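Taking it in order: structure first as structure tokens, then the write-up.
Everything numeric in this text was worked out from a predicted model, so none of it was measured. Chain letters run A, B, ... following the sequence lines, proteins first and then strands; every chain starts at 1.
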2 protein chains.
Amino acid sequence: MAPKRSTIKDVAKRAGVSTATVSNVFSGSKPVNAELRERVEGAARALSYHVDRAASQLRSGQTKVVGVLVPDLDDVFFTSLVSRLEVRAQEDGYDVIVASSRDNPELERSRLRALLGWRPSGLIAVPNNDEIPQILADEAHRLPIVLADRVAGISTFADAVTIDNHEAGAMAASHLVALGHRDVVIAASHLSFAPIRERVRGADSVLFGEFGEGARVVELGSNSDRGADIFADWLDRNARPTAILALTNVTTLAVLSALAARRIDLPEQISLIGFDDYAWMSARKTALTAVRQPVDAMAGMLWDRLKARIGGDDSPPRRIELNTSLQVRDSVRDLSMTANARPVLPRKHAPVPGE
Amino acid sequence: MAPKRSTIKDVAKRAGVSTATVSNVFSGSKPVNAELRERVEGAARALSYHVDRAASQLRSGQTKVVGVLVPDLDDVFFTSLVSRLEVRAQEDGYDVIVASSRDNPELERSRLRALLGWRPSGLIAVPNNDEIPQILADEAHRLPIVLADRVAGISTFADAVTIDNHEAGAMAASHLVALGHRDVVIAASHLSFAPIRERVRGADSVLFGEFGEGARVVELGSNSDRGADIFADWLDRNARPTAILALTNVTTLAVLSALAARRIDLPEQISLIGFDDYAWMSARKTALTAVRQPVDAMAGMLWDRLKARIGGDDSPPRRIELNTSLQVRDSVRDLSMTANARPVLPRKHAPVPGE
DNA sequence: GATTAACAGTTAAACGATTAACAGCGGCTG
DNA sequence: CAGCCGCTGTTAATCGTTTAACTGTTAATC
């Protein structure tokens, strides 16, 4: 690891110009004569010089980094968000530092602190839960911040981009109702997450309106393996519903695993609406009907808002709700024909013994 | 966005100490009296002070950042790698900057350049293809670099962590052969990727040894939707094999989609071995038999090597090959019983018209 | 009790870039 | 032709830390 890295001075000396000129060549903040520019670029190449971001940043205060904090880098929803944000950031010359809080409030704080140390131009954060960490709130008035996904109500201090969770739940429930389903169980991740609660409420609003009662809810957590166990167990102990509504892609997976383990056929024996829309959901014999979150639009919105804020927009915080859409495929059985003949599957039911 | 951020000087003044002491409190490079430390921490909290990484880095030369470059942040294999690396990095106090080269050599160069601008402590890179970019090679002797996955042969300038691709292919093929399969088609992503070629070779080595001929190979690319179209089309135009061996998780998905689109049943009508082992592969009625890459071990190895290099280890570059394992589940049909009665499905065959 | 050693804190010089202020040099204009 | 402008380039101050060198104090050693 020998040859010391070259600095702007080395380049300047080699090209026979001042360091200021070299800086201008690279930052483009002042025009530089073509011939000189050539010389500088040649010298830089020969020395394999790269501008040192730390020094550049320190002096200019211009960071060109954004921090992205998500609760879980193993959840495809978040990674697809990160992926799209990275693209947008790169297009605008920003680098992104990712951090995962792994659903741990303490880690969230410490990752946030680490991110702030970069003095980033902005921050895009998916909070762990409703309680926005104090550090974020403190920073909000001096640092552009945009929140996503897990945001409750109207955030008072930063823009927030979410989907219309209530509508998403309602839309799914309506679809189930329209196809003759009445006994629905909701596979939620955690009811402590605001968007999950909203989705439940949305579904219940429809079910209540229709039948005077809501859905049963099971919490499966954020890990699909554990969720599968929990749900399989739940299936063993409870009367079987005609349909399941999963509220995240992880719970969708958990439900699917549990159904496979218990050899319950989709959609013959039970119907399912999944959440999110990833390739594996349709790469199956009975493709999943699912609520599709507009991840692209979401990332786009997040980036646009952040750029606006970085650009000095100081209008009051906005909450932007994107609409989901229902991808109707084959995992919901149409019960509306048989519904009159045999109203609903009997509510009381011997537990199905484990396989 | 008003109140200026506080600096080490502000904290020093408020706590009535020198800036050096404040620095010592935060970096821990020199012991500081408990009472003073308290005062400093209190002052820092009151001013919501964070050490400025740019300044810190500039002065100390210590970066505590690693760059991670992958070809595609929408591929779960890479994101699961990133996720695990982020965990390890965080544990050791490093931050990670992610960059995706999106399978584009030019972008790869520019992302690499951006990453190098950080003067990172190290770099973990999954190259786009066999040709390691010149920038990387140039940097290799002054910057710890560890390569992963898409690395051909013995890399002469940096450590490389891969799986034993030949063995992986051979293992999968052996399994197929053992269950009476002879007519195998390999769903590859791109034959221009070294590991893919190796996997094909591994599979062929077994098939040749057994039958004197290898497998047919289809290239499906790195996008599952397009891959699904290509494969569905291929199925329409070619004699149907008894088994498919997919060589990446994306091609596994593509194959599954195509089979679903053509209503071909797994494993009754065709058998499949997938690659990688993600939850969605087993969350189905016929769970997929698949080659499992040890992503955890891989990330662990990558990090360990990088740490060693950062720590000054300058032994010659090593290539580390991890072993895969075959997760036997239900997607490969046992043909060995029927094999004698009806040797193999006829090779020549009218194309199956599209559904 | 003199000499060192160990400790805890301070001072001030870097680190490598950016950029305000300035300088030199035609070319225009009145 | 004086004065000014616009253009390109340079000089030098500066960003917020870290850290080598230093100072002063206390404890340990002979």
Side-chain angles (χ1 to χ4, degrees), chain A residues 3-41 43-44 47-65 93 113-114 116-121 142, chain B residues 3-41 43-44 47-65 93 113-114 116-121 142:
Chain A
K4 294 183 56 92
R5 11 188 45 103
S6 34
T7 75
I8 200 172
K9 278 191 197 148
D10 303 325
V11 177
K13 199 184 305 172
R14 192 177 227 268
V17 298
S18 74
T19 62
T21 301
V22 177
S23 173
N24 286 332
V25 167
F26 285 103
S27 66
S29 54
K30 258 188 165 188
V32 171
N33 174 290
E35 190 236 347
L36 269 197
R37 145 171 270 120
E38 290 279 300
R39 279 225 311 273
V40 169
E41 278 167 353
L47 299 170
S48 75
Y49 165 79
H50 304 285
V51 340
D52 181 320
R53 300 198 68 134
S56 159
Q57 174 175 162
L58 172 58
R59 177 55 234 247
S60 70
Q62 285 273 304
T63 348
K64 293 293 203 173
V65 207
R113 225 185 303 276
L116 289 175
W118 289 103
R119 312 263 140 127
S121 313
R142 60 163 71 132
Chain B
K4 293 185 56 92
R5 13 185 46 100
S6 34
T7 75
I8 200 173
K9 278 191 198 150
D10 304 325
V11 177
K13 199 183 305 169
R14 192 176 226 266
V17 298
S18 74
T19 63
T21 300
V22 177
S23 172
N24 287 332
V25 167
F26 284 103
S27 66
S29 54
K30 258 188 167 189
V32 171
N33 173 292
E35 189 237 347
L36 269 197
R37 144 172 271 118
E38 289 279 301
R39 280 228 308 275
V40 169
E41 279 166 353
L47 299 169
S48 75
Y49 164 80
H50 305 285
V51 340
D52 181 320
R53 299 199 68 134
S56 160
Q57 173 175 160
L58 172 59
R59 175 54 232 245
S60 71
Q62 285 272 304
T63 346
K64 293 292 204 172
V65 207
R113 224 186 303 276
L116 289 175
W118 289 100
R119 312 263 143 126
S121 313
R142 60 162 73 130

Counted 5' to 3', the first and last nucleotides of DNA chain D within 4.0 Å (strictly under) of a heavy-atom of chain A are dT8(D) to dG16(D)
Whether the side chain of [X] engages the backbone of [Y] through a donor-acceptor N/O pair (distance < 3.5 Å, no angle test) should be reported.
X: R119(A); Y: H50(B); value: yes
X: R39(A); Y: A15(A); value: yes
X: R5(B); Y: R142(A); value: no

Side-chain donor-acceptor contacts of residues 24-34 of chain B below 3.5 Å, not counting sequence neighbours, with atom names and distances?
residue	atom	partner	partner atom	Å
N24(B)	OD1	S29(B)	OG	3.3
N24(B)	ND2	A20(B)	O	3.3
S27(B)	OG	S23(B)	O	3.0
S27(B)	OG	S29(B)	N	3.3
S27(B)	OG	S29(B)	OG	3.0
N33(B)	OD1	E35(B)	N	2.7
N33(B)	OD1	L36(B)	N	3.3

Kindly state which residues belonging to residues 49-56 of chain B come within less than 4.0 angstrom of DNA chain D, counting heavy atoms of the residue only, listed by number.
->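 Heavy-atom cutoff 4.0 Å gives Y49(B), H50(B), D52(B), A55(B), S56(B).
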Pairs counted as Watson-Crick or G-U wobble with both distances under 3.5 Å: what dot-bracket string results for DNA chain D, using | for bases tied to another strand?
-> ||||||||||||||||||||||||||||||
For S60(B) and for G16(B), find the nucleotide of DNA chain C with the closest heavy atom, then tell me which residue's nucleotide is more 5'.
->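 Its nucleotide being nearer the 5' end, the pick is G16(B).
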Residue closer to the 5' end of DNA chain C, V17(B) versus R119(B) (nearest nucleotide) =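 Result: V17(B).
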Starting from [atom2] on [N], measure out to [atom1] on [X] and report it in whole angstrom.
X: K9(A); N: dC15(C); atom1: NZ; atom2: P; value: 7 Å
X: R59(A); N: dA14(C); atom1: CZ; atom2: P; value: 19 Å
X: Q57(B); N: dA14(C); atom1: CD; atom2: C1'; value: 16 Å
X: I8(A); N: dA14(C); atom1: CD1; atom2: P; value: 19 Å

Under 4.0 Å between any heavy atoms, over every strand shown, what does V22(B) touch: base, sugar-phosphate, or nothing? Just pick one.
-> nothing
For DNA chain C, determine which residues of residues 25-35 of chain B have any heavy atom closer than 4.0 angstrom to one of its atoms, and list them numerically.
->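 Output list: K30(B), P31(B), V32(B), N33(B).
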Mind listing the side-chain donor-acceptor pairs of residues 6-13 of chain B below 3.5 Å, one per line with the distance, residues two or more places apart or on another chain?
residue	atom	partner	partner atom	Å
S6(B)	OG	L47(B)	O	2.9
T7(B)	OG1	K9(B)	N	3.1
D10(B)	OD2	T7(B)	N	2.8

When rounded to the nearest 0.5 angstrom, what distance separates CD in Q57(A) from CH2 in W118(B)?
->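 Reported value, rounded in 0.5 Å steps: 5.5 Å.
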Provide the closest heavy-atom pair for D52(A) versus A54(A) in the form atom of the first, atom of the second, distance.
-> OD1-N, 2.7 Å
Under 4.0 Å between a side-chain N/O of S23(A) and OP1 or OP2 of dT18(C), yes or no?
-> yes
